[in-house]
Each structure stands twice: as C-alpha cells, then as structure tokens.
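To find a chain, count down the sequence lines: A is the first, B the second, and so on, and within it residues start at 1.
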Protein chains: 2
Amino acid sequence: MRVIAREVGVQAGALYNYIPDKQTLLHELMRDHLLELHEAVGPCLVGAAPARLEAFVRFHIAFHHARPDAVFIAYMELRNLTPENFAEIEGLRRRYEQLLAEMLHAGVEEGAFSVPDEKVASMAIIAMLTGVNTWFREDGRLSLGDVQNMYWQMVARMVSVSGTVSS
Amino acid sequence: MRVIAREVGVQAGALYNYIPDKQTLLHELMRDHLLELHEAVGPCLVGAAPARLEAFVRFHIAFHHARPDAVFIAYMELRNLTPENFAEIEGLRRRYEQLLAEMLHAGVEEGAFSVPDEKVASMAIIAMLTGVNTWFREDGRLSLGDVQNMYWQMVARMVSVSGTVSS
DNA sequence: ACGCTAACTGAACGCGTGTTCATATCCAAG
DNA sequence: CTTGGATATGAACACGCGTTCAGTTAGCGT
C-alpha cells in the first residue's frame, strides 16, 4: 500500500478515499484483467477451428506479454482473496479455459484436430503459452513474433490429426 | 516459522538450534529438492531419444505430483532468496531444462524429432508438464497414469517429425 | 548424586504491514 | 469574503513477522 501510494505521489492513508481496502483493490485488479482478457479474445473466436486456434495462440502470448504485472498479481495474490472473491476470479479463468476447450472440441468434430482429452489439452496448451512470460525477454535472441510462430507450430502439431500440419 | 514450529511441536525459538535463519532453510529446501530431482531423473537419460523423452515426461509429472509442497515453495519463495542463493537455485533449474533441450537435440539429430527451437520447445514442454500440478486432483475423473499417457501423446506429437506418431 | 551440555521455553525486540482518524489544506459555489 | 465539501497529511493503532536471549528443563556420563 505504501509503495503504491509513493508511486502515485501520495501518502498511504489517502488511498482509502478511493478503495475500501486492499482486498477489494486486488480483487478489482484481477477482475478487470480477466474481463479485458475475455473482451480481447473475442475476435479469435470466429472462423474454422484451426484458424481460431492459431489466433488464440498468438493472442494469448501477446496479451500476457503486454501485461506482466497483471499476470504476476493474478498468480501471486490469488490465495489472499476472500473465498467469494476467489470463486469469482476462478470462475472467470475457467470460462477462459473453456473457450479453448470448446475450440478443440469443434476442431475434433470438424476432423481437423485430434486430442486425447479436450479439457486436459486445453490446460496443457494454456500452461505452455502462459509459461512464455517466465523466460521471454524483449532483448533476447528471439522476437515475440518468432515465439508466436514457434508456439503455434508446436500447438498445431500437438492437436492436429496424425500427419497433417497446416503450415 | 511459528507454523513450522507448531507443526513440529515446539516453540519458534527452538528452530534456531537447527537453522541459522529462514533464508537458509528455504535455500536448503529448494536445493535439496532440485538435487533430488537431478538424481531421480538419471534413469530417464538412457536409450534412444524418443524412449528417453517418454520416460522424462512420465517422470516429471509423477515426481512433481508427489511433492506439491516443494514445488509450491520453489515457485513462491524464489524471489525471497539472496542473489547468491537465487543464482544457485536458478542454475540447478537451468541444468534440468538443459537435460530436456539436449534430449530434443539428440532426437533431432537422430531424425526422430523436429522442433522449431530446442530451447524454446524444452521451456514449452516443462511449463506444460509442471502445469499438471495446478489442476490435477487425485479424486478426479482421471488417474495419474491417464494423465501421463495423455501428456506423452501430446508431447510426442508436438516434437515428432511430421506424420510419425509412435503409439 | 552430581554436574555438564544440549535443548526448549516464553517473553521480548525491531520492523513492516493494512488501516484509521483528527487535523490541515485547497478550491469552487453562494 | 465566507463557507462547505472533497482531499491530503502524518501520526498512531493493532497485528504478524523473523529473530534473540536469559532462564528453565531434561538426560547422560562419571
């Protein structure tokens, strides 16, 4: 709280003219983050399953790379939430995971995808995509575009029907 | 500290007959965890690349599933380490990641694997495997064996030369 | 039985935390 | 010019943390 206050150029007590308490602040930060995520992922949800999946992979990497602080807070402070607040945040995150699971399901029905389990595959993909944030550095060997391409290629192979890799 | 003491059935001060401070305790916990990891992964490093990779996938999932507390601490308390302690832990973790990267490299040279980038692929695979700990529950729909099978299938597809999936 | 050492207690310390509140300051409306 | 409401201050609070230490206890060798 005092760090936030200093960064805003104010004393700690003054923050409480704008937030009831820290719990609410964290909860609203996480909720806003996830609502923005849901809003921004919208355009990725149109078209055939493979195109949707490719858009999703690239989007997820870019979106989370642009918001390292929000991702950090969402990960680190999740356990400090009230049970009710935790439930809401968890629900929003699950809905996001379901978007991917439904995408995989559609791809399987289209005959384009093949996965051992749609839910498990969605968890695996999201974990692997979110993991980019832990190692990718802007000034490294690879550009973000490179990484997006590589991850899309790996995901495509992972879920494609045997032997068909689109690009 | 007081929680640990209570769990051991002792007062907090008594702990300091065994550890100099909390920092050292955390550091030793993490180092022991990673040394055990390196020791246990050994048997996975023999044979042809595909067999090694399969063993590695199954091993990583099982090993981390059996040690949720150690995994949690290694993740959560990493930032509270002294720079020197952090460097040592980070080094051990990087050596583990390199084992996988070298395995992928060998597989590529054998003509069995194809990945966009060995280092990136190793980060992706490890993130996806470690992610199992965040959602898998013993009493859920799937057994750990099921999950191991599914993840091996996904990883195999992800790194296999186009169109060849072993099982 | 005695004494020595190792181990444990219980209280305290300094510090950092989230939060509150009486007081002061500013600025626009009457 | 006065006044009232919004906003900021700075000091204090209660609490939890890691850590220390003088004093107590327990157990073993002689």
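For A:Gln11, the side-chain atoms get nearest to D:dG10 when compared with the rest of D:dG10, D:dT19, C:dG18. Closest to the side chain of B:Tyr16, from the set D:dT19, D:dA8, C:dA7, is D:dT19.
Taking atom CD1 of B:Ile19 as the reference point, atom P of C:dC8 lies 12 Å away to the nearest angstrom. With rounding to whole Å, A:Arg6 atom CZ is found 18 Å from D:dA8 atom P. One atom, CG of A:Leu15, and another, P of C:dG18, lie 10 Å apart when rounded to the nearest Å. A straight line from CD of A:Gln23 to P of C:dT17 spans 18 Å, rounded to a whole angstrom. Protein atom CD1 of A:Ile4 is 18 Å distant from nucleotide atom P of C:dG16, rounded to whole Å. The distance between atom CG of A:Leu25 and atom C1' of C:dT19, rounded to the nearest whole Å, is 14 Å. Atom CG in B:Asp21 sits roughly 22 Å away from atom P in C:dC13 (whole-Å rounding). When the C1' atom of C:dT19 is taken as reference, atom NZ of A:Lys22 falls 12 Å away, rounded to whole Å.
Residues A:Arg94 and A:Glu97 are not paired through a salt bridge, judged by the lack of any N-O separation under 4.0 Å between the basic side chain and the carboxylate. A salt bridge links B:Asp117 with A:Arg141: the closest approach of a Lys/Arg side-chain nitrogen to an acidic carboxylate oxygen falls below 4.0 angstrom.
Along DNA chain D, the nucleotide closest to A:Ala12 and the one closest to B:Ala12 are compared, and the more 5′ of them pairs with A:Ala12. Mapping A:Arg2 and A:Ala14 onto DNA chain D by nearest heavy atom places A:Ala14 closer to the 5' end of the strand.
Put simply, A:Asn17 has a side-chain N or O that comes within less than 4.0 Å of OP1 or OP2 on D:dA8.
Relative ring orientation between A:Trp135 and A:Tyr151 is described as parallel, the plane-to-plane angle staying below 30° on a 0-90° scale split at 30° and 60°.
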### Task
Step by step, work out the side-chain contact (heavy atoms from CB on, under 4.5 Å) result for B:Leu37 and B:Arg67.
CA-CA 11 Å; B:Leu37 177 70; B:Arg67 294 158 182 82; over 6 Å; no

